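Computed from a predicted structure; not experimentally measured. Within every chain, numbering begins at 1; the chains are lettered A, B, ... in the order of the sequence lines, protein sequences first and strands thereafter.
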Amino acid sequence: MSRVRQLRALVRKDVLLEAHTKETIVAMALFALVSMVIFQFAVGQRAGDSSLIAGGIIWATVSLAAVLGVGRTWVPEREQRVLDGLLTAPVARLTMFMARAIVLTLFLLAVEVVIVPLGIVFFTRQIAPSDLALMAGVCVLANLCIAVAGTLLASMSVFSRARELVIPVLLLPALVPVVIAASGATQAVLGPGTQLAEYLGYCRFLAVYAAVFSLVAYATYDHVLDD
Amino acid sequence: MTTFSMTDTPRAGRAIAALGALSAVLLAVATFGVFLVAPEDAASGVIQRIFYFHVSVALVSMLAFMVACIAGIVHLRRGGDGSDDVSLASIAIGLMLAVLTVITGSIWAKAAWGFWWRWDDLRLVSFLLIILLYAAYFVLRGSADESRQARFGAVYAIFAFAAVPLSFYAVRTARSFIHPVVVTSKGADMPGTMLVWFLISVVAFTALFVTLLLVEVQQRRAARALEDVKRRLEARSATPTGGH
């Protein structure tokens with residue numbers, strides 16, 4: 001079986017599993033929505049112009065939802081012993097990593113399809129249709145960053161005793177640069193007058209982040225699942 | 001498995017004692033020079049003298065994290081307890097130095113601006129992020145099985161070190177840059193005498209780091225050797241000795 005077919009089969013497995021249960025994406029989206037409401041009451045009401053904090057609130061909520069999703073996607077692997085089967089199958093560890101990262105990127109995109117427009121409606125007055133395309137660009141890049149770092153760290157915490165506690169403690173500090181850059185890029189789009197140069201600068205940073213951690217994962221992932 | 005030779009101990013002990021003495025002398029010389037010899041900064045006054053320790057500690061903490069990353073790479077390539085000991089000890093010392101950086105930075109901020117904390121102070125915020133990043137290392141190790149601790153620790157040491165420059169850069173893009181820029185990409189921007197005392201401080205803290213690293217590594221080796229002896233004694237006492 002070629003590597004591409006293996007990758008496709010692994011991604012299909014997780015997507016089908018989620019399509020049947022819809023547990024993870026619905027929980028992530030609801031969690032993100034609730035977080036957004038909490039942020040609004042905690043800080044948004046005191047901000048004079050809420051459009052200035054829209055980007056920050058959107059990406060803080062997405063990163064928190066991502067933590068939930070990263071942990072959740074490993075549950076069947078452990079509880080239904082899928083991982084044991086996968087580890088004995090002739091599948092390269094890196095293929096498993098890529099499949100998981102792609103699935104997480106897709107889940108995050110599904111959540112953002114709901115959360116980002118809602119955030120824009122809640123916190124900004126209007127947005128041009130062309131700006132939505134720019135927002136989609138930020139979402140794809142930020143998701144790649146979260147997926148690569150999240151998959152690598154979750155693969156280690158899945159074997160730990162208190163993984164629900166370990167995942168946020170490991171993942172959130174690593175996601176701070178992503179939140180900073182994604183919020184900056186979003187603000188460059190949603191703020192007064194689209195600032196393209198600033199937007200591109202933040203996007204470049206997100207691309208570098210994803211590339212750096214892809215390299216780290218490429219170099220180390222064989223050792224993570226070395227069982 | 002690393003074997004522990006009793007003949008190593010006196011030699012290692014002597015090396016640690018010598019390095020410890022050197023660190024103490026260097027730290028004493030640095031303190032003397034910083035407070036009594038180095039010229040006073042005209043703009044900031046006496047509080048500027050904390051710069052010599054603040055920046056030295058920050059630089060040496062970065063050195064510690066780099067050593068941990070390199071030891072992590074060595075561990076993944078070759079295995080063995082030695083590189084894991086170095087990685088773990090380096091992160092522990094680096095974390096302590098990072099906390100010290102934030103404390104000294106905070107004192108400086110209070111004296112310079114009247115606030116203990118400013119979110120637009122690049123170095124303080126970056127180091128706070130780095131503390132969070134490396135504190136997670138101990139959570140990961142603590143919750144992993146014993147057989148995976150060293151391997152996961154090595155992977156995380158590499159991961160976290162890759163995140164350090166990205167965190168610095170991200171914080172720089174997020175905040176206005178009001179921190180006094182003393183060391184820039186063009187080199188150090190300070191008078192010659194200040195630079196000499198700054199470099200002595202850096203060397204002193206580096207010597208302290210190496211001493212602490214050796215002590216910690218030696219301590220972990222000794223603990224493992226003790227465990228080994230205990231296990232052997234237990235095994236011997238559990239073995240039936242034959243008829244009386």
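For chain B, the nearby part of A:F213 is the side chain; its heavy atoms alone come within less than 4.5 Å. Heavy atoms of A:L153 lying under 4.5 Å from chain B belong exclusively to its side chain. Heavy-atom distances place no part of A:A181 under 4.5 Å from chain B, backbone and side chain included. Both the backbone and the side chain of A:A149 come within contact range of chain B, judged by heavy atoms closer than 4.5 Å. Only the side chain of A:Y202 comes within contact range of chain B, judged by heavy atoms closer than 4.5 Å. When heavy atoms are compared at a cutoff of 4.5 Å, A:V169 approaches chain B by way of both its backbone and its side chain.
Among the candidates B:V139, B:I158, B:L133, the residue making the largest number of heavy-atom pairs closer than 4.5 Å to chain A is B:L133.
Annotation for B:Y169: atom OH does not count as buried by contact number, only 12 or fewer foreign heavy atoms lying within 6.0 Å. When the shell of 6.0 Å around CE of A:M98 is examined, it contains 12 or fewer heavy atoms from other residues, nucleotides or ligands.
No side-chain heavy atom of A:V224 sits under 4.5 Å from any side-chain heavy atom of B:R151. Between B:F159 and A:L152, the closest side-chain pair of non-hydrogen atoms falls below 4.5 Å.
Side-chain atoms of A:R161 come within 3.5 Å of backbone atoms of B:G142 as a donor-acceptor pair (strictly under, hydrogens ignored).
When all heavy atoms of B:L129 and A:P173 are compared, the closest pair comes out as CD2-O, 4.5 Å. The shortest heavy-atom contact between B:V155 and A:H223 is CG2-CB, 4.4 Å. Closest approach of B:S143 to A:S160, counting heavy atoms only: OG-CB, 3.2 Å. Contact between A:L170 and B:L140 at its shortest, heavy atoms only, is CD1-CD1, 3.7 Å.
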